[in-house]
Protein chains: 2
Amino acid sequence: MQTRALRSLVKISAVGSFATAADQLNMTLSALSMQIKSLEGELDVNLFDRSVRPPRLTPIGRSIVHEAKALLQREDSLVELCRPSDALVGHFRLGFITTAAVRLLPPFLESAKQSAPHAMFEFETGLSSTLQNKVLTGQLDAAVVTDADGLPGALSATVIGKEPFVFAAHQKLMTDGMSGLLADQTFFHFMPNTGIGKLIAYEMAKHKRRDTAKTVVLDNLEAIMECVTSGIGFTLLPEPDVDRYRTGPVQKVLLPRPLRRTLVLATLREGALAPREAALASLLVGQHS
Amino acid sequence: MQTRALRSLVKISAVGSFATAADQLNMTLSALSMQIKSLEGELDVNLFDRSVRPPRLTPIGRSIVHEAKALLQREDSLVELCRPSDALVGHFRLGFITTAAVRLLPPFLESAKQSAPHAMFEFETGLSSTLQNKVLTGQLDAAVVTDADGLPGALSATVIGKEPFVFAAHQKLMTDGMSGLLADQTFFHFMPNTGIGKLIAYEMAKHKRRDTAKTVVLDNLEAIMECVTSGIGFTLLPEPDVDRYRTGPVQKVLLPRPLRRTLVLATLREGALAPREAALASLLVGQHS
DNA sequence: TGCATAAGTTCAGAGTTCCTGAATTTGGTA
DNA sequence: TACCAAATTCAGGAACTCTGAACTTATGCA
């Protein structure tokens, strides 16, 4: 169906005659007449009572006009979506590494409501490597990941933020300073097999006495910080995560040589989103300390 | 805009490739490709990322698909409206003579909800002659009027019902029978200048003694019946109206020679509604005693 | 890495649709 | 009754759309 014919129909209904409608639509009367006639043929109804002049809408014709208006409004909004604008428009499938999702998502959605009111988002959380693969295969448009292991060449990355790692322990365990912690206390190790876990392991390997003390592996940040807050042991995590979950007198200790992970927004370098990557990233930066 | 192209787009999005979509749409791959390309040109956006094969929807493409589905649903319902069915479909502008509207409208709408769920109605009340003219000039599709003065030849009529006229008075005024009423009591005359009023005048003229007693003219049925119920005087009205408004001990007296008015549904004989007149009328008959 | 294959795109020509302008019909009006 | 304006019909030409073949290119397998 040609929406143009519906537009003609609505116009005729508005002005009340074929002649003036044809005039306003910049077409000949005969073209308009044929257009309506072909529409009537397609729908197999009489839209107009042609026994009078000018032809009058039939009852069903009036209903069709009503429906047509609704349809044309849909068309207008569809076209409007495509109008170039600096606002982000579209349906985006985004990935967030699990550890950052909790912190980044709410403020992201908040600022998206402002800067991209017509955009729609679909989220997925997972490991950095999983998300990278999904971006590569087109299952995701973009993902917030860490660049710890270096990104594949096909991906382009925009830095979202850097998160320094810190030790965290209950004050009462810190009387001997870091050396006491390392020597005697239980270490809570977050997901040793993932990107962030390997970074943590790499750092801990520098601190010799580790092999002698006890290590507990956990895949839940909140649980780790709950244990640390209770004074059961210590951990090594990105500072924002420590800040998010510490509730009691937990002390943070910076590393001798600062270690940090970098969060980046990764997209397919040659993908359709590439020109919009900066706009997307701008919704993410400046949202965490 | 060609809705067919939108249908193709939605199909591609559903099956995930141009080739299988083209197959299912019974068209060649090249035709489909050109269709989408022309749609992209019309909207001036890239719906697909063609750097991969099969091409993938871009974020905005996904949004367009979403909008397109809504639009196509509108189209479907528009086409559905036109499907021949025995139910009454359309937007009808109907007239009801004022005196009958109050009684006929509620049950009419009730049965319309059943028999014509997709029809829309617009109502207008007025004098029989006014409504007839509006039907003649196409301002109304049909009207319930009285055929008292005979209808113009251009109108066709379906009988909706016949309403006998009765005298009505409070019991206490009836002790002398009709002759007492006619001689001494105030007569409430409903709208003497209209069709129904002239019928009433015609009937009253038969009863000689009228000129001597008092007459009150009123254009409100409910008010007349309120006065009659209070015992202030008597009236002559269609029986259903008397029944509707009498609340106290009001007695009805049939006329010596029965007088009645006939309600008909009138439409333009050559109009578009003519074939549906019976269907419309069937929603009106059998609805009053 | 390079080839084979399948998937899309491009192109030219044919078929179809759609529009224009003139001729014709027809409802409303003087 | 005749006229006028409005709508329809018609024929020719312009514009669009489809088909089938040739071409290009991403992907998968050796």
Side-chain angles (χ1 to χ4, degrees), chain A residues 1-9 11-43 46-58 61 133 135-139 152-154 268-272, chain B residues 1-9 11-43 46-58 61 133 135-139 152-154 268-272:
Chain A
M1 183 182 299
Q2 192 79 267
T3 59
R4 193 170 168 213
L6 295 181
R7 256 173 230 285
S8 301
L9 174 64
K11 182 56 125 182
I12 295 172
S13 139
V15 304
S17 94
F18 280 49
T20 54
D23 201 40
Q24 293 185 27
L25 292 168
N26 292 315
M27 62 198 314
T28 58
L29 182 55
S30 69
L32 182 60
S33 171
M34 289 163 108
Q35 218 178 57
I36 296 299
K37 192 158 278 274
S38 115
L39 181 62
E40 286 179 310
E42 186 177 346
L43 296 176
N46 291 322
L47 297 173
F48 288 91
D49 173 0
R50 290 186 169 75
S51 67
V52 289
R53 199 160 288 177
R56 284 199 288 257
L57 278 171
T58 57
N133 279 333
V135 172
L136 283 171
T137 59
Q139 294 173 73
L268 214 46
R269 193 177 295 280
E270 309 291 332
Chain B
M1 185 182 297
Q2 194 77 269
T3 59
R4 194 171 168 213
L6 295 180
R7 253 171 233 286
S8 300
L9 173 64
K11 182 57 126 182
I12 296 170
S13 141
V15 304
S17 94
F18 281 48
T20 53
D23 202 39
Q24 293 185 27
L25 293 168
N26 292 314
M27 62 197 316
T28 59
L29 182 55
S30 68
L32 182 60
S33 172
M34 290 161 103
Q35 218 175 60
I36 297 299
K37 191 159 279 275
S38 114
L39 182 62
E40 286 179 309
E42 186 176 345
L43 296 175
N46 292 323
L47 297 174
F48 288 92
D49 173 1
R50 291 187 168 74
S51 68
V52 290
R53 199 162 288 179
R56 285 200 288 258
L57 278 171
T58 57
N133 279 333
V135 172
L136 282 171
T137 59
Q139 296 173 72
L268 214 46
R269 194 177 293 282
E270 309 291 331

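Naming: A, B, ... by sequence-line order, numbering from 1 per chain. Computed from a predicted structure; not experimentally measured.
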ask   = Pick one: which of B:Glu40, B:Met27, B:Gln2 meets side-chain contact (heavy atoms from CB on, under 4.5 Å) with B:Gln35?
value = B:Met27
key: Summary of protein contacts for nucleotides 12-17 of chain C, nucleotide by nucleotide, where a base hit scores B, a sugar-phosphate-only hit scores S (4.0 Å, heavy atoms)   = ------
task = May I ask you to verify if any side-chain N or O of B:Lys37 is less than 4.0 angstrom from the OP1 or OP2 atom of C:dT10?
result = yes
Using the 3.5 Å cut-off, write out each protein N or O paired with an N or O of nucleotides 27-30 of chain C and the distance between them.
unit_1	atom_1	unit_2	atom_2	d
C:dG27	O3'	A:Arg53	N	3.4

task = Check whether any side-chain N or O of A:Gln35 sits under 4.0 Å from OP1 or OP2 of C:dC18, and answer yes or no.
result = no
task = Figure out the CZ/C1' separation between B:Phe48 and D:dA26, and round it to whole Å.
result = 16 Å
ask   = Among residues 21-31 of chain B, which contact DNA chain D at a heavy-atom distance under 4.0 Å?
value = B:Thr28, B:Ser30, B:Ala31
message = Checking the side chain of B:Thr3 only, and the main-chain atoms of A:Met1 only, is there a donor and an acceptor separated by less than 3.5 Å?
response = yes
Spacing of A:Leu32 atom CG relative to C:dT20 atom P, expressed in whole Å = 10 Å
query = CG/B:Leu9 to CD1/B:Ile36 distance, rounded to the nearest 0.5 angstrom?
reply = 5.0 Å
inquiry  = Rounding to an integer number of Å, can you tell me how far A:Glu40 CD sits from D:dA7 C1'?
reply    = 13 Å
task = To the nearest Å, give me how far apart CD1 (A:Ile36) and C1' (C:dC19) are.
result = 15 Å
task = Could you check how far CD of A:Gln2 sits from C1' of D:dA15, rounded to whole Å?
result = 12 Å
query = What does B:Ser38 touch in the nucleic acid at a heavy-atom separation under 4.0 angstrom: a base, only the sugar-phosphate, or nothing?
reply = nothing
